[in-house]
Amino acid sequence: MDQELNDNSQVQINGTIERIVYQNEDNGYTVCKVETEDFSSLTAVGIMPYLCAGEMVTLYGRMIVNSKYGEQLKVESYEKTLPSTETAILTYLSSGGLKGIGKLLASRIVAKYGLDTFDVIENNPLWLCEIKGMTRKKAMDISQQFKSQNGIRNVVSFCRDFFSPNVSMKIYSKWGMDSLDIIKENPYRLCEEIGGIPFEKSEEIARSIGVKKKDPNRVCAGILYVLSFNREQNGHVYIPYDKLVTAASSLLDCEEEIIARNLEQLNEEKKVVITDVNEQKAVYEKNMYDDEQFVVKKLDLISKYGIKVSDKDCEPLIKMVQASNAIQYSPEQDRAITEALENGVFILTGGPGTGKTTITKAMISILESFGASVVLCAPTGRAAKRMEEATGYETKTIHRLLEAQKDEMNGETLFLRNQDSPIDEDVVIVDESSMIDLPLMAALLRAVKRTIKIIFIGDANQLPPVGPGYVFQDIVKSDRYNTIELTHIFRQSSESMIVVNAHSINDGEHLELKPVHGNDFFIVGKSDDEATLDTIVSLCEKGLKDKYKKTIFDGIQVISPSRKGSCGTEALCARLQEKLNPPSDDKREKKFMNTIFRVGDKVMQNKNNYTLPWKKEGEADGEGVFNGDIGIIKSISYKDETVTVDYDGRIAQYDFTMLDEIELAYAITVHKSQGSEYPIIVIPLYKTSPKLLTRNLLYTAVTRAKNIVVLVGIPEIINSMIDNNKQSKRYTGLRYLLERYE
């Protein structure tokens, strides 16, 4: 385990690289020995791309103690200069840093060119052909390598005060030798073109090189930032023109006339689209506008040309399925199945216990009897698994169906299945459709033929998707396509207080706040947040475990409205980890930022990683771990600097630089729980932002439970949430466009 020394201040070390112990060429992670100015030796670890023996370096970082390797310098940034003596130049060239030069060739080069060696390699590489063993091709390859390394060296040096070395590597990979010229000409291209670099960082660099407040590059970048921020944080697909101008003016401290002028320029350059939505002037990012327009047009095409079963064929087919399954469909279910068969686009919505799964299985059975190929998909891995278990049919994530890949340069998702390479199936059934944001819906529709049948299943009363838009609700409310909302609760489901109370919550009806509410819905009243926290920990440690034989690791999930606060996920995770997986001598742990990851911890992937490899016994190796996947840390290797996580038998390995992709999952937010189902859920009731204590958030949380719901805290908060039916405003033009499209 790494531990920082008591003196946690940053240190500066000047020295020369003695040797490279380990270097990862993909991410630049390096372990090296450094001879310092006082001729002592130390080990340095960190992101230091293209480092070679013999180079003079200035390292900035903090001293740590590795339990196995002792005291080390953990490098946060660095500068390096080329060797300046013939001996040091020889060491550098002999180190293998430039492929194609071994020790013998290095000695010949230095013997001939001495202190001019680097100048010859960079500016006159063909002179190297005078040396025995050097070909023209090899000389040019060596020169190109040297220029690349020199380029990344300059970028790392320039960006040292702003970015980590691995971000500098991304910049150089994008723009190569032109990187510094591009940054100095327009630093705002960094936040526009390099994934993960925020607007604020571009601002810092711009200030450092004297960019003026009203510089058009700055103003345009600020406008685009306001749009992207509201897309990512608030789910807006567009922003009303006046609101955008006001917000950008405030952010940039510029007059609104300047904002408006630059906004028109962005519109001319097709970086934004200014249009009217519902008699209001609106501004879209170009890709959001294109996605919305495409979704409307493609749905219309599918509704016209998609597979349809004639009305006269539906009734005998439904009777055939009823007989083979020994089941009698209700009139509502019968109508839903008929509508699904007769239309190219069909929407099925309804709460828990209303028979959505029964209808889905019937639709699949009938369509397959026609010889139609059917594929089932869902937005997340857990939602796909849940649908597969309920229907008995293989279900893929939408990303897997579309063969998603990540563009490492800008962080964007690429789909191999698209209009040029559509999926082959005749029918696509999409579950948990309320979770689909606008870009994902557009990607899905681009990857299907207009002659397919597409069926969307979901609950329009759930929370909106995490990403931009309110697609499923907009489609339902537009009333453009055949939609059936299931309302009848079947007898078996009506015996569950989870189902009964979920429908009461959705209908705005208060619940009885008695301690026990049926045999599967419990309210544990507490007067303050500290008692709530203590009770949740006690229930997970003993109470629920003893009664239901489930633990936090195999059936219990704590779901909280927020990350912050006295009973938010951060506080809950810290307490539950401390009690249920405390530190011990036989459990390795790794501190990453403010989190301690320990063997045995319950963790969750917090972003899609399409290329992370995994192994599963009895199956072929695969790749891809997705946002919301929950697993257990099985091992931590200090030597290999890896954390191994078991996701339901899929074993994935993270190197220490990737630990920002996982977080503790003893408690998760309601938003993160969407699409999932757990045997037992525990929900804290505590005072937090009224924006979070809403009816649809409580409804979403309660409907995540398969068997047991336990609400712990201030009981009155339940009914105050039911009364709060306010939903965050999302600016989206989809419903408007669907209602008016001809």
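Worth saying up front: this structure is predicted, and the values here are computed from it rather than measured. We count residues from 1, following the sequence as given.
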Out of curiosity, K602 NZ to Q577 CD, how far, rounded to the nearest 0.5 Å? 13.0 Å

Are V643 and V645 packed together at the side-chain level, in the sense that at least one heavy-atom pair is separated by less than 4.5 angstrom? yes

Applying ring-ring contact (aromatic ring centres under 6.0 Å, His included), can you list everything that pairs with H399, at least two apart in sequence or on another chain? F415, Y610

Would you compute the distance between atom CG of N506 and atom CG of N696 and round it to the nearest 0.5 angstrom? 9.0 Å

Classify the ring geometry of Y666 against F553: parallel below 30°, tilted from 30° to 60°, perpendicular beyond 60°. perpendicular

With sequence neighbours excluded, residues passing side-chain contact (heavy atoms from CB on, under 4.5 Å) with D648: K385

Would you check if there is a donor-acceptor pair between the side chains of Y686 and S560 at a distance under 3.5 Å? yes

With the threshold set at 4.0 Å, does a side-chain nitrogen-carboxylate oxygen contact exist between K526 and D534? no

Distance-only, no hydrogens or angles: does the D520 side chain make a donor-acceptor pair with backbone N or O of M497 under 3.5 Å? yes

Sub-3.5 Å donor-acceptor pair from the side chain of N724 to the main-chain atoms of P690, do we have one? yes

For E200, I'd like to know if atom CD has over 12 heavy atoms of other residues, nucleotides or ligands within 6.0 Å. yes

Determine yes or no for a side-chain-to-main-chain donor-acceptor pair under 3.5 angstrom, with T642 supplying the side chain and Q653 the backbone. no

Interatomic spacing from CD1 in I636 to OH in Y638 - rounded to 0.5 Å: 6.0 Å

Can you tell me how far the CG atom of L664 sits from the CD1 atom of I633, to the nearest 0.5 Å? 7.5 Å

N606 and K672: side-chain contact (heavy atoms from CB on, under 4.5 Å), yes or no, with the steps? CA-CA 9 Å; N606 58 32; K672 285 287 189 180; 4.2 Å; yes

Candidate pair R704 and E677, rule salt bridge (charged side-chain N to carboxylate O under 4.0 Å, His left out), full reasoning: CA-CA 5 Å; R704 298 309 92 207; E677 187 177 68; over 6 Å; no

Is the closest side-chain donor-acceptor distance between E432 and Q674 under 3.5 Å? no

Does a salt bridge link E541 with R575, judged by any charged N lying under 4.0 Å from a carboxylate O? no

In plain terms, say whether D621 and K616 are close enough for a salt bridge, that is, a side-chain N and a carboxylate O under 4.0 Å apart. no

Name every donor-acceptor pair, under 3.5 Å, that has one atom in a side chain of residues 705-717 and the other anywhere in the protein, sequence neighbours excluded.
none

Under 3.5 Å, side chain of K356 to main-chain N/O of G351, donor-acceptor pair present? yes

Is there a salt bridge (charged side-chain N to carboxylate O under 4.0 Å, His left out) between E663 and R563? Walk through the geometry before answering. CA-CA 12 Å; E663 59 190 62; R563 294 181 64 89; 3.3 Å; yes

